[in-house]
Amino acid sequence: MEVVIVPDATAGGELIAEAMAALVRRKPDALLGVATGSTPLPIYEALAAKVAAGAVDASRARICQLDEYVGLPAGHPESYRSVVLREVVEPLGLNESSFMGPDGSAEDVQAACVAYDKALAEAGGVDLQLLGIGTDGHIGFNEPCSSLASRTRIKTLTEQTRVDNARFFDGDIEQVPHHVITQGIGTILEARHLVLLATGEGKADAVAATVEGPVASVVPASALQLHPHATVVVDEAAASKLKLADYFRHTYANKPEWQGL
Ligand SMILES: N[C@@H]1[C@@H](O)[C@H](O)[C@@H](COP(=O)(O)O)O[C@@H]1O
(Lines give C-alpha, C1' and ligand atoms only; values in the text may rest on other atoms or scores of the structure.)
Protein backbone atom coordinates (compact mmCIF):
# COMPACT_ATOMS: atom_id res chain seq x y z
CA MET A 1 0.00 0.00 0.00
CA GLU A 2 1.27 3.42 -0.90
CA VAL A 3 0.32 6.38 1.29
CA VAL A 4 0.59 9.84 -0.23
CA ILE A 5 0.20 12.87 2.02
CA VAL A 6 -0.94 15.98 0.17
CA PRO A 7 -1.39 19.52 1.50
CA ASP A 8 -5.15 19.68 0.95
CA ALA A 9 -8.18 18.23 -0.81
CA THR A 10 -7.55 20.18 -4.01
CA ALA A 11 -4.05 18.74 -4.33
CA GLY A 12 -5.41 15.24 -3.67
CA GLY A 13 -8.06 15.73 -6.34
CA GLU A 14 -5.50 16.93 -8.87
CA LEU A 15 -3.11 14.05 -8.16
CA ILE A 16 -5.78 11.39 -8.54
CA ALA A 17 -7.37 13.05 -11.58
CA GLU A 18 -3.96 13.00 -13.27
CA ALA A 19 -3.59 9.28 -12.49
CA MET A 20 -7.02 8.67 -14.02
CA ALA A 21 -6.13 10.77 -17.06
CA ALA A 22 -2.89 8.81 -17.49
CA LEU A 23 -4.83 5.55 -17.33
CA VAL A 24 -7.33 6.76 -19.96
CA ARG A 25 -4.47 7.87 -22.23
CA ARG A 26 -3.05 4.33 -21.98
CA LYS A 27 -6.42 2.61 -22.16
CA PRO A 28 -9.10 4.85 -23.70
CA ASP A 29 -12.02 2.56 -22.77
CA ALA A 30 -10.88 2.09 -19.16
CA LEU A 31 -13.60 1.19 -16.68
CA LEU A 32 -13.42 3.77 -13.90
CA GLY A 33 -15.16 2.93 -10.65
CA VAL A 34 -16.34 6.05 -8.88
CA ALA A 35 -17.42 6.80 -5.34
CA THR A 36 -19.94 9.23 -3.94
CA GLY A 37 -19.84 11.50 -0.91
CA SER A 38 -18.18 14.92 -0.67
CA THR A 39 -14.56 13.75 -0.65
CA PRO A 40 -14.11 12.74 -4.32
CA LEU A 41 -15.68 15.91 -5.75
CA PRO A 42 -12.28 17.65 -6.24
CA ILE A 43 -11.19 14.63 -8.29
CA TYR A 44 -14.18 14.92 -10.61
CA GLU A 45 -13.72 18.67 -10.97
CA ALA A 46 -10.03 18.28 -11.82
CA LEU A 47 -10.71 15.47 -14.30
CA ALA A 48 -13.50 17.40 -16.02
CA ALA A 49 -11.15 20.41 -16.29
CA LYS A 50 -8.54 18.23 -17.99
CA VAL A 51 -11.13 16.96 -20.46
CA ALA A 52 -12.37 20.50 -21.15
CA ALA A 53 -8.78 21.68 -21.70
CA GLY A 54 -8.12 18.83 -24.15
CA ALA A 55 -5.45 17.31 -21.91
CA VAL A 56 -7.18 13.94 -22.12
CA ASP A 57 -9.81 12.43 -24.39
CA ALA A 58 -12.19 10.57 -22.09
CA SER A 59 -14.89 10.03 -24.70
CA ARG A 60 -14.48 6.23 -24.62
CA ALA A 61 -14.07 5.90 -20.85
CA ARG A 62 -16.65 3.88 -18.96
CA ILE A 63 -17.94 4.71 -15.49
CA CYS A 64 -19.30 2.33 -12.88
CA GLN A 65 -20.89 2.81 -9.53
CA LEU A 66 -19.71 1.50 -6.16
CA ASP A 67 -22.94 1.43 -4.21
CA GLU A 68 -26.54 2.56 -4.17
CA TYR A 69 -29.43 3.23 -1.84
CA VAL A 70 -32.29 0.75 -1.95
CA GLY A 71 -35.83 1.97 -2.38
CA LEU A 72 -35.38 5.60 -3.42
CA PRO A 73 -37.78 6.45 -6.24
CA ALA A 74 -36.23 6.38 -9.72
CA GLY A 75 -34.61 9.72 -10.49
CA HIS A 76 -34.37 10.78 -6.82
CA PRO A 77 -31.63 13.45 -6.81
CA GLU A 78 -29.72 11.69 -4.01
CA SER A 79 -29.79 8.21 -5.49
CA TYR A 80 -26.17 7.44 -6.24
CA ARG A 81 -27.11 6.87 -9.86
CA SER A 82 -28.34 10.47 -10.05
CA VAL A 83 -25.27 11.72 -8.15
CA VAL A 84 -22.80 9.92 -10.41
CA LEU A 85 -24.60 11.05 -13.56
CA ARG A 86 -24.60 14.64 -12.27
CA GLU A 87 -21.09 14.81 -10.78
CA VAL A 88 -19.12 12.55 -13.10
CA VAL A 89 -20.81 11.34 -16.28
CA GLU A 90 -22.23 14.66 -17.50
CA PRO A 91 -19.20 16.85 -16.62
CA LEU A 92 -16.98 14.42 -18.53
CA GLY A 93 -19.24 14.79 -21.57
CA LEU A 94 -20.28 11.13 -21.44
CA ASN A 95 -23.79 9.77 -21.67
CA GLU A 96 -25.71 7.10 -19.79
CA SER A 97 -24.59 4.37 -22.17
CA SER A 98 -21.06 4.71 -20.73
CA PHE A 99 -22.38 4.13 -17.24
CA MET A 100 -23.26 1.05 -15.21
CA GLY A 101 -24.60 0.67 -11.71
CA PRO A 102 -26.68 -1.67 -9.54
CA ASP A 103 -30.46 -1.29 -9.70
CA GLY A 104 -31.52 0.01 -6.28
CA SER A 105 -35.18 -0.03 -7.21
CA ALA A 106 -35.24 -3.63 -8.47
CA GLU A 107 -38.03 -5.83 -7.15
CA ASP A 108 -35.53 -8.61 -6.61
CA VAL A 109 -32.61 -6.77 -5.02
CA GLN A 110 -30.58 -9.93 -4.49
CA ALA A 111 -30.80 -10.77 -8.20
CA ALA A 112 -29.79 -7.19 -9.04
CA CYS A 113 -26.67 -7.61 -6.88
CA VAL A 114 -25.65 -10.84 -8.58
CA ALA A 115 -26.35 -9.26 -11.98
CA TYR A 116 -24.11 -6.30 -11.15
CA ASP A 117 -21.12 -8.45 -10.19
CA LYS A 118 -21.62 -10.38 -13.42
CA ALA A 119 -21.87 -7.17 -15.46
CA LEU A 120 -18.63 -5.85 -13.97
CA ALA A 121 -16.81 -9.07 -14.83
CA GLU A 122 -18.25 -9.12 -18.36
CA ALA A 123 -17.12 -5.52 -18.83
CA GLY A 124 -13.57 -6.73 -18.25
CA GLY A 125 -13.30 -5.69 -14.61
CA VAL A 126 -12.72 -2.32 -13.04
CA ASP A 127 -9.40 -0.70 -13.99
CA LEU A 128 -9.30 1.91 -11.25
CA GLN A 129 -11.70 2.08 -8.32
CA LEU A 130 -11.98 5.30 -6.36
CA LEU A 131 -12.94 4.97 -2.71
CA GLY A 132 -13.83 7.32 0.07
CA ILE A 133 -13.97 6.18 3.67
CA GLY A 134 -16.67 6.42 6.29
CA THR A 135 -15.88 7.66 9.77
CA ASP A 136 -16.30 4.04 10.91
CA GLY A 137 -13.85 2.77 8.29
CA HIS A 138 -16.43 1.60 5.74
CA ILE A 139 -15.72 1.50 2.02
CA GLY A 140 -18.63 1.61 -0.39
CA PHE A 141 -21.35 0.75 2.06
CA ASN A 142 -19.47 -2.18 3.59
CA GLU A 143 -20.11 -1.43 7.21
CA PRO A 144 -17.89 -2.78 10.03
CA CYS A 145 -17.69 -6.57 10.17
CA SER A 146 -18.53 -6.97 6.48
CA SER A 147 -16.87 -10.12 5.19
CA LEU A 148 -13.58 -9.38 3.50
CA ALA A 149 -14.67 -11.88 0.83
CA SER A 150 -18.10 -10.34 0.32
CA ARG A 151 -19.69 -9.87 -3.08
CA THR A 152 -22.17 -7.21 -4.15
CA ARG A 153 -25.15 -7.55 -1.84
CA ILE A 154 -27.71 -5.72 0.27
CA LYS A 155 -26.54 -4.20 3.54
CA THR A 156 -28.16 -2.35 6.43
CA LEU A 157 -26.62 1.01 7.29
CA THR A 158 -25.39 1.80 10.77
CA GLU A 159 -27.01 4.67 12.62
CA GLN A 160 -23.69 6.57 12.35
CA THR A 161 -23.64 6.33 8.56
CA ARG A 162 -27.27 7.47 8.34
CA VAL A 163 -26.42 10.43 10.61
CA ASP A 164 -23.35 11.23 8.46
CA ASN A 165 -25.37 11.08 5.23
CA ALA A 166 -28.42 12.98 6.50
CA ARG A 167 -26.82 16.18 5.19
CA PHE A 168 -27.69 15.04 1.69
CA PHE A 169 -31.34 14.59 2.74
CA ASP A 170 -32.15 18.05 4.17
CA GLY A 171 -30.48 17.04 7.44
CA ASP A 172 -33.37 14.64 8.08
CA ILE A 173 -32.18 11.16 9.09
CA GLU A 174 -35.68 9.77 8.54
CA GLN A 175 -35.21 10.31 4.80
CA VAL A 176 -31.95 8.31 4.69
CA PRO A 177 -32.69 4.76 3.55
CA HIS A 178 -31.81 1.93 5.91
CA HIS A 179 -30.79 -0.42 3.12
CA VAL A 180 -28.23 -0.21 0.36
CA ILE A 181 -26.54 -2.25 -2.34
CA THR A 182 -22.78 -2.18 -2.23
CA GLN A 183 -20.00 -3.83 -4.15
CA GLY A 184 -18.62 -6.34 -1.67
CA ILE A 185 -15.11 -6.07 -0.32
CA GLY A 186 -14.17 -9.10 -2.40
CA THR A 187 -15.64 -7.37 -5.46
CA ILE A 188 -13.76 -4.15 -4.72
CA LEU A 189 -10.49 -6.06 -4.30
CA GLU A 190 -10.83 -7.33 -7.89
CA ALA A 191 -10.29 -3.85 -9.34
CA ARG A 192 -6.80 -3.49 -10.80
CA HIS A 193 -5.97 -0.32 -8.85
CA LEU A 194 -7.65 0.96 -5.69
CA VAL A 195 -7.34 4.65 -4.87
CA LEU A 196 -8.76 5.87 -1.58
CA LEU A 197 -8.99 9.60 -0.85
CA ALA A 198 -9.59 10.83 2.69
CA THR A 199 -9.60 14.44 3.80
CA GLY A 200 -10.26 16.21 7.08
CA GLU A 201 -9.62 15.45 10.72
CA GLY A 202 -12.84 13.48 11.02
CA LYS A 203 -11.26 10.71 8.95
CA ALA A 204 -7.93 10.57 10.84
CA ASP A 205 -8.84 7.64 13.12
CA ALA A 206 -10.31 5.62 10.27
CA VAL A 207 -7.23 6.28 8.11
CA ALA A 208 -4.82 5.24 10.88
CA ALA A 209 -6.76 2.02 11.45
CA THR A 210 -6.89 1.34 7.70
CA VAL A 211 -3.20 1.87 7.05
CA GLU A 212 -1.44 0.93 10.28
CA GLY A 213 -3.94 -1.32 12.05
CA PRO A 214 -4.42 -5.03 11.52
CA VAL A 215 -6.45 -6.32 8.58
CA ALA A 216 -9.81 -6.81 10.21
CA SER A 217 -13.39 -6.77 9.00
CA VAL A 218 -14.25 -4.37 11.81
CA VAL A 219 -12.32 -1.79 9.75
CA PRO A 220 -13.48 -2.69 6.23
CA ALA A 221 -10.99 -0.33 4.54
CA SER A 222 -8.11 -2.29 6.09
CA ALA A 223 -8.78 -4.85 3.35
CA LEU A 224 -6.78 -2.53 1.08
CA GLN A 225 -3.70 -4.00 2.75
CA LEU A 226 -4.48 -7.22 0.85
CA HIS A 227 -4.44 -5.52 -2.56
CA PRO A 228 -1.27 -5.51 -4.69
CA HIS A 229 -1.90 -1.98 -5.97
CA ALA A 230 -3.62 0.22 -3.41
CA THR A 231 -2.99 3.95 -3.03
CA VAL A 232 -4.23 5.96 -0.07
CA VAL A 233 -4.16 9.72 -0.62
CA VAL A 234 -4.71 11.82 2.50
CA ASP A 235 -4.49 15.48 3.39
CA GLU A 236 -2.50 16.62 6.42
CA ALA A 237 -5.57 16.54 8.69
CA ALA A 238 -6.56 13.00 7.71
CA ALA A 239 -2.91 11.94 8.08
CA SER A 240 -2.59 13.44 11.56
CA LYS A 241 -2.85 10.11 13.40
CA LEU A 242 -0.45 8.14 11.20
CA LYS A 243 2.62 7.09 13.19
CA LEU A 244 4.59 6.51 10.00
CA ALA A 245 3.68 9.84 8.35
CA ASP A 246 7.30 10.94 7.99
CA TYR A 247 8.24 7.64 6.42
CA PHE A 248 5.38 7.97 3.91
CA ARG A 249 6.47 11.53 3.08
CA HIS A 250 10.06 10.42 2.58
CA THR A 251 9.10 7.49 0.37
CA TYR A 252 6.84 9.57 -1.87
CA ALA A 253 9.35 12.43 -2.14
CA ASN A 254 11.95 9.97 -3.41
CA LYS A 255 9.70 8.07 -5.78
CA PRO A 256 10.74 8.08 -9.44
CA GLU A 257 8.32 10.23 -11.40
CA TRP A 258 7.81 7.63 -14.13
CA GLN A 259 6.20 5.33 -11.61
CA GLY A 260 3.03 7.43 -11.28
CA LEU A 261 0.55 6.40 -8.63
N1 LIG B 1 -21.21 5.14 0.42
C2 LIG B 1 -20.50 6.34 0.62
C3 LIG B 1 -19.02 6.04 0.66
O4 LIG B 1 -18.59 5.54 -0.59
C5 LIG B 1 -18.24 7.29 1.05
O6 LIG B 1 -16.87 7.00 1.05
C7 LIG B 1 -18.69 7.76 2.40
C8 LIG B 1 -17.90 8.96 2.89
O9 LIG B 1 -18.44 10.14 2.37
P10 LIG B 1 -17.74 11.55 2.46
O11 LIG B 1 -16.66 11.53 1.45
O12 LIG B 1 -18.81 12.53 2.11
O13 LIG B 1 -17.24 11.69 3.84
O14 LIG B 1 -20.06 8.10 2.29
C15 LIG B 1 -20.94 7.07 1.86
O16 LIG B 1 -21.16 6.21 2.91
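One-based numbering, in listed order, for ligands and for the atoms of each. Source: prediction; values computed, not measured.
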Using a 4.0 Å cutoff against the non-hydrogen atoms of [X], which atoms of ligand 1 qualify?
{"X": "R167", "answer": "10 (P), 12 (O)"}
{"X": "S38", "answer": "10 (P), 11 (O), 12 (O)"}
{"X": "G132", "answer": "6 (O)"}
{"X": "N165", "answer": "15 (C), 16 (O)"}
{"X": "F141", "answer": "1 (N), 15 (C), 16 (O)"}

Close approach, E68 and ligand 1, non-hydrogen under 4.0 angstrom:
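Flag not set, E68 not near ligand 1.
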Does [X] come within less than 4.0 Å of [Y], counting only side-chain N to carboxylate O?
{"X": "R86", "Y": "E90", "result": "no"}
{"X": "K255", "Y": "E2", "result": "yes"}
{"X": "E18", "Y": "R25", "result": "yes"}
{"X": "E45", "Y": "K50", "result": "no"}

Measure centre to centre between the rings of F168 and Y69, then say whether the value is under 6.0 Å.
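Between F168 and Y69, the centre distance exceeds or equals 6.0 Å.
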Considering only non-hydrogen protein atoms, determine which one is nearest to [atom] and report residue, atom name and distance to 0.1 Å.
{"atom": "atom 16 (O) of ligand 1", "result": "H138 NE2, 2.8 Å"}
{"atom": "atom 8 (C) of ligand 1", "result": "I133 O, 3.6 Å"}
{"atom": "atom 2 (C) of ligand 1", "result": "Y80 OH, 3.7 Å"}
{"atom": "atom 3 (C) of ligand 1", "result": "G140 O, 3.5 Å"}
{"atom": "atom 1 (N) of ligand 1", "result": "D67 OD2, 2.7 Å"}
{"atom": "atom 9 (O) of ligand 1", "result": "G37 CA, 3.8 Å"}

S150 side chain to I185 backbone, donor-acceptor under 3.5 Å:
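Yes; judged by distance alone, with no hydrogens or angles, the pair exists.
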Do the side chain of Q183 and the main chain of Q65 share a donor and acceptor less than 3.5 angstrom apart?
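Answer holds: yes.
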Which word best sums up how the rings of H193 and H229 line up, parallel for under 30°, tilted for 30 to 60°, or perpendicular for over 60°?
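Correct class here is parallel.
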Please work out which of T158, L196, T39, L41 has its closest non-hydrogen atom nearest to atom 11 (O) of ligand 1.
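When every heavy atom of T158, L196, T39, L41 is considered, T39 comes closest to atom 11 (O) of ligand 1.
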I need the minimum non-hydrogen distance between E143 and D136, along with the two atoms involved.
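Of all heavy-atom pairs spanning E143 and D136, the closest is OE1-OD2, 2.9 Å.
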Based purely on interatomic distance, does T36 place a nitrogen or oxygen under 3.5 Å from a nitrogen or oxygen of ligand 1?
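No; the residue has no nitrogen or oxygen that sits under 3.5 Å from a nitrogen or oxygen of the ligand.
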Give yes if a backbone or side-chain nitrogen or oxygen of K203 is under 3.5 Å from a nitrogen or oxygen of ligand 1, and no if not.
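N/O-N/O distance below 3.5 Å exists for this pair.
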Residue that, paired with R153, satisfies side chain to side chain contact (heavy atoms under 4.5 Å, CB included) out of N142, D117, V114:
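Checked N142, D117, V114 against R153; only one passes side chain to side chain contact (heavy atoms under 4.5 Å, CB included): N142.
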